[in-house]
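Contents: one structure, followed by commentary.
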Amino acid sequence: MTVARRELASYFATPVAYVFIVIFLVMSGALTFTVGGFFARGTADLQPFFAFVPWLFLFLVPAITMRLWAEERRLGTIELLLTLPIAQWQAVLGKFLAAWAFCAIALALTFPLIITVNVLGDPDNGVIAAGYLGCLMVAGAYLAIGVAISALTKNQVIAFVLAVAVCFLFAAAGSPVVIEFLSRNTPVLAEIARGLSVTDRLAAFSRGVIALRDVIFFISFIGVWLFANAIAVDLRKAD
Amino acid sequence: MDAPHIEIDRLTKRFGAFTAVDDVTFTVRAGEVLGFLGPNGAGKSTTMKMLAGFVTPTAGTARIMGEDVVERPVQAKRHLGFLPEGAPTYPEMTVQGFLAFTARARGYRGSEAADRVHDAMRMTQLEEVRLQPIETLSKGFKRRVGLAQALLHDPPVLVLDEPTDGLDPNQKHEVRNLIARMAPSKAMIISTHILEEVGAVCTRAIVIARGRVVADATPAELAQRGPDLDTVFRELTREAA
């Protein structure tokens, strides 16, 4: 994937990548050990870490996707990219995969946490692996949203704010406040909200449950947003 | 006779109520260098963008080496070298990195890709800056990076949107020489609003105004229609307006 390679290299050619990774590592570590009560809980697992990751991603993922199409549009390079002999879906997929690989690198760099729990206790590493898979899925879902929104605008700030808002909808959909409110008035909507919640599904992963339907949910969620992305690029490339 | 390299067939583009390109038809054969002239906003860039497969036509189509740009865009783009308006490039990449990316996107790998990149840099005299990030280069160099990208795969069809815009006289001269050297084997469309350029490099000129073709002749024929090319151009584009 030529486009994915170029995009991934371009993350590391600018300070964006390093700022992102450092902030992610510092924040995830700090939240896990302080607010998450990593030591006070007295259990050797990464539950507090997995609880914070979707909320960190909520802000950090749109920060890495905001430029993907908005920047191409601003510089005019979108004209260059889309007149190369590659299909449009290849460009869309390439950008998404580069961003996903980048998130995977950031997640992989949290490995000291795994070492820490293994030194301190005897955790179930299978559960931890499932939790990481869940985080990667959540990252993929947010990225797909973020890249699609980036295709709608030339302005990176708008792309960022909109992406955070939309990701927040899917992150908060399963929260007790929302579910309680909806089930009091319209129980049907509460069910739908619960079904669309990415955080609920991550909770299952972090308990070590990799359900096929959750994996299918994430894959189709990403697919739908990438499809929307291709349409957005097609419709708006002329302006 | 062989089919023309470029066929533009009743090409039309509307943006809402505004018709940017209105039923434009022409062909370009190998060996022809077509100067594409017109005032700003006449529809030059939009026509070129449709030919390059970037903008989807409202009606009509175009073919490059017989491949329809709407029906078979990827095949059509393989035969095309395109310099978009303003020669956009990725600023954070080095010249060599950027050209290597376009070479890969065009399907070249390994030593063949390296050779292509090297040849393109030699033709456009970019070797001395090959490891510099593009954002640190002057306008003339940036334009040449855009040209190098368009020439890299030695395409039979070249579409260059204002290739000499923003260059100093020496650089303009170099680019014109480059175009003249490549001319015999290729079909080229060059948009410009510098009229002297048409006489210098083009074998044929099309004048477009308000989205319509208002003249199609050799530069010499065009010049004979009035005291000089400038006057003829103004007359032609005013009639249409």
Side-chain angles (χ1 to χ4, degrees), chain A residues 1-20 64 66-95 97-99 101-102 150-151 154 156 230-239, chain B residues 13-16 20 45-46 48-58 64 67 69 72-94 97-98 100-109 113 133-135 142 145-146 149-150 152-153 155 159 161:
Chain A
M1 287 303 296
T2 308
V3 175
R5 257 176 58 148
R6 196 204 74 77
E7 290 289 346
L8 195 57
S10 98
Y11 282 123
F12 291 97
T14 57
V16 177
Y18 305 101
V19 171
F20 177 91
I64 59 172
M66 65 180 189
R67 50 172 277 285
L68 283 171
W69 286 109
E71 180 87 341
E72 296 261 4
R73 220 181 266 290
R74 196 178 58 79
L75 292 171
T77 45
I78 187 168
E79 206 170 319
L80 183 94
L81 181 66
L82 297 181
T83 53
L84 287 170
I86 52 172
Q88 196 163 306
W89 64 264
Q90 289 177 306
V92 170
L93 195 63
K95 280 178 180 286
L97 288 178
F102 180 72
S150 173
K154 247 182 218 187
Q156 299 197 18
I231 293 173
V233 169
D234 211 33
L235 286 180
R236 309 236 17 204
K237 63 188 176 183
D239 9 293
Chain B
K13 180 69 191 179
R14 289 187 205 98
F15 296 103
S45 286
T46 307
M48 292 174 128
K49 283 175 188 176
M50 286 192 279
L51 179 57
F54 179 64
V55 169
T56 315
T58 312
I64 295 173
E67 303 279 12
V69 298
R72 292 165 60 83
V74 174
Q75 288 80 0
K77 286 167 189 172
R78 285 209 184 104
H79 301 298
L80 169 75
F82 179 49
L83 175 71
E85 191 178 10
T89 45
Y90 295 107
E92 78 281 1
M93 297 181 96
T94 63
F98 173 73
F101 160 68
T102 56
R104 277 187 68 86
R106 294 196 175 277
Y108 298 111
R109 296 287 181 275
I134 296 171
E135 61 194 343
K142 284 182 187 158
V145 175
Q149 161 278 127
L152 182 119
H153 51 302
V159 175
D161 200 348

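Chain A is the first sequence line, chain B the second, and so forth, proteins listed ahead of strands; every chain is numbered from 1. For clarity, every value in this text was computed on a predicted model and none was experimentally measured.
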Closest non-hydrogen atom pair, B:Ala87 against B:Leu83
CB-CD1, 3.7 Å
Heavy-atom proximity to chain B below 4.5 Å, by part of A:Thr83
both
Is there a donor-acceptor contact under 3.5 Å from the side chain of B:Lys77 to the main chain of A:Ile86?
no
Which bit of B:Pro73 is near chain A, if near means a heavy-atom gap under 4.5 Å: side chain, backbone, both or neither?
neither
For each of B:Gly107, B:Ala105, B:Ala52, tally heavy-atom pairs with chain A at distances under 4.5 Å, and name the one with the top tally.
B:Ala105
Under 3.5 Å, side chain of B:Arg109 to main-chain N/O of B:Arg104, donor-acceptor pair present?
yes
At a 4.5 Å cut-off on heavy atoms, which part of A:Gln90 comes close to chain B: side chain, backbone, both, or neither?
neither
Which atoms of B:Gln75 approach chain A - backbone, side chain, both or neither, heavy atom under 4.5 Å
neither
Any salt bridge between A:Glu72 and A:Lys154, counting N to O under 4.0 Å?
no
Classify the ring geometry between A:Phe20 and A:Phe102 as parallel (under 30°), tilted (30 to 60°) or perpendicular (over 60°).
tilted
